[in-house]
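Input: a single structure, listed below in structure tokens.
Order of listing sets the numbers, starting from 1, for every ligand and every atom in it.
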Amino acid sequence: MHYRFHTAGESHGRALVAIVEGVPAGLELIAERDIDPELRRRQGGHGRGGRMAIERDAAELVAGIRLGETLGGPLALLVWNRDWPNWERAMSPVPLAEANDEETLRRVHLPRPGHADLVGVLKYDRSDARDILERASARETTARVAAGAVAKRLLAELGITIGSHVVMLGGVVATAPAELPEDLNAAADASPVRTLDPVAEQQMIAAIDDARAAGDTLGGCFEVVARGVPAGLGSHVSWDRRLDGRLAQALMSIQAMKGVEIGLGFEAAARPGSAVHDEIEATSDAGLSDRSGGFRRNHNHAGGLEGGMTTGAPLVVRVAMKPLSTLMKPLRSVDLRTGEAAVAVRERSDVVALPAAAVVGEAMMAIVLADAVLEKFGGDSMLELQRNFASYLAQLRAHRARLAGGDPNGHEVA
Ligand code: EPS
């Protein structure tokens, strides 16, 4: 991998950590300007619980940077948990000298159906499900969004932008405008559920309020869109280089995600080929801003990917999130101490985290695209990366020009 990241941290631990490797030297990066606004976007949305009132996530860049520019080495990012003082004893890294009682340690013996609690306890041979849930928690996505914000910053230097919006929440389907707004995130962020359909927005908010009153939770679907992506990222030649597969893995790895669709997705399976595949047209003048090699499609059903490679059209990926597994009206479970029937633990939690999950989806797409960009164009410095990128765009234009000139193969004549 060319853009790699790791995270560490527990939901109620001292901090979340991200280590990001592969960022070329010379990327201007300021945490307050480039990372913190993304962290704040992830904290929003109607349906969040009490925790978001406690946290005010901000990233500290502690390595890999000097005078606001990356150095080419691994970046280390820290996000402190403001909730930590309330958990210092329960999550103490060292054994407690006293007060080892259940309450102080906030032990969890009633696994939640749908959560990692039970299987984690079995697999890791723990007796306290807190040892599992602390790391399984979607609090970890804070670190992903920090790592993704760095990737977004890098992509922005190449004119690639990423946005998202909620397309369904708790069964309420939004009708998206025929053309997505130019600044997708500005439009989506203006909605408390990050949707572009004002009628559906009200129904979604009502559904969330109903679910909260009923002690229940909701899921839904969001769409992530990348624009400015040049044709030819990823490859058809080997399974693990196909960008559709890499995107699906990255997005599916977000806590609570259950499905990933590209372009028409599952709907394509029910249509004849003539109603699925995007017909190809040559454009008369590709122009300097063209990233599709001088070709255009009549639709973008493919979601910007053919043969595991980007086509130059916007990348469109939809992700399905299951309802959160912490219910205030808990489901039936078993007490891990006795094997007796019981109801699952009731931990403070969100009713819906879908608007925030969409922001995490942007981060994961940014990370995959940054990786694909660095794989194709390389570069130890931003200058080298930008030069390689510009040279490839010039190659695409030259290819098209040669075709227009009647060379059927379009091969370079040195
Ligand atoms: C989460 C439970 C809640 C959420 C949390 C994810 O946390 P707490 O148990 O502290 O109330 O708020 O999400 C975040 C903290 C976050 O930053 O997104 C869970 O169990 O997954």
Quick one: which of [options] has a heavy atom closest to [atom]?
atom: atom 17 (O) of ligand 1; options: Arg51, Arg42, Glu140; value: Arg42
atom: atom 4 (C) of ligand 1; options: Asp57, Asp117, Asp350; value: Asp350
atom: atom 15 (C) of ligand 1; options: Arg139, Arg348, Glu347; value: Arg139

Discussion item. Please enumerate all residues that pass side-chain contact (heavy atoms from CB on, under 4.5 Å) together with Glu69, with sequence neighbours excluded.
Written reply: Glu28
Worksheet item: Which of the atoms of ligand 1 are close to Arg48, meaning less than 4.0 Å from one of its heavy atoms?
Response: 13 (O), 16 (C), 18 (O)
Worksheet item: Which atoms of ligand 1 have any heavy atom of His12 under 4.0 Å away?
Response: 8 (P), 9 (O), 10 (O)
Could you tell me the residue and atom name of the protein heavy atom closest to [atom], and the distance to it rounded to 0.1 Å?
atom: atom 6 (C) of ligand 1; result: Ser137 OG, 3.5 Å
atom: atom 21 (O) of ligand 1; result: Ala138 N, 3.1 Å
atom: atom 14 (C) of ligand 1; result: Met52 CE, 3.6 Å

Discussion item. One thing to verify: whether Glu279 and Arg297 come together as a salt bridge, which I'm taking to mean a side-chain N less than 4.0 angstrom from a carboxylate O.
Written reply: no
Fill in: N-O pairing of Arg318 and Glu223 below 4.0 Å
yes
Worksheet entry | Test item: Leu133 and Glu347 side chains (from C-beta on) under 4.5 Å apart, heavy atoms | yes
Fill in: Sub-4.0 Å heavy-atom approach of Ser349 to ligand 1
yes
Worksheet item: Strictly under 4.0 Å, does any heavy atom of Gln255 approach an atom of ligand 1?
Response: no
Show every donor-acceptor pair shorter than 3.5 Å between a side-chain atom in residues 166-182 and any protein atom, with sequence neighbours excluded, or say none if there are none.
none

Worksheet item: Should Leu184 and His165 be marked as a side-chain contact (heavy atoms from CB on, under 4.5 Å) after you check the CA-CA gap, both sets of side-chain angles, and the distance that decides it?
Response: CA-CA 8 Å; Leu184 175 55; His165 61 119; 4.0 Å; yes
Item to complete: Run through Arg14, Arg56, Arg348 and flag the one making a salt bridge (charged side-chain N to carboxylate O under 4.0 Å, His left out) with Asp83.
Response: Arg348
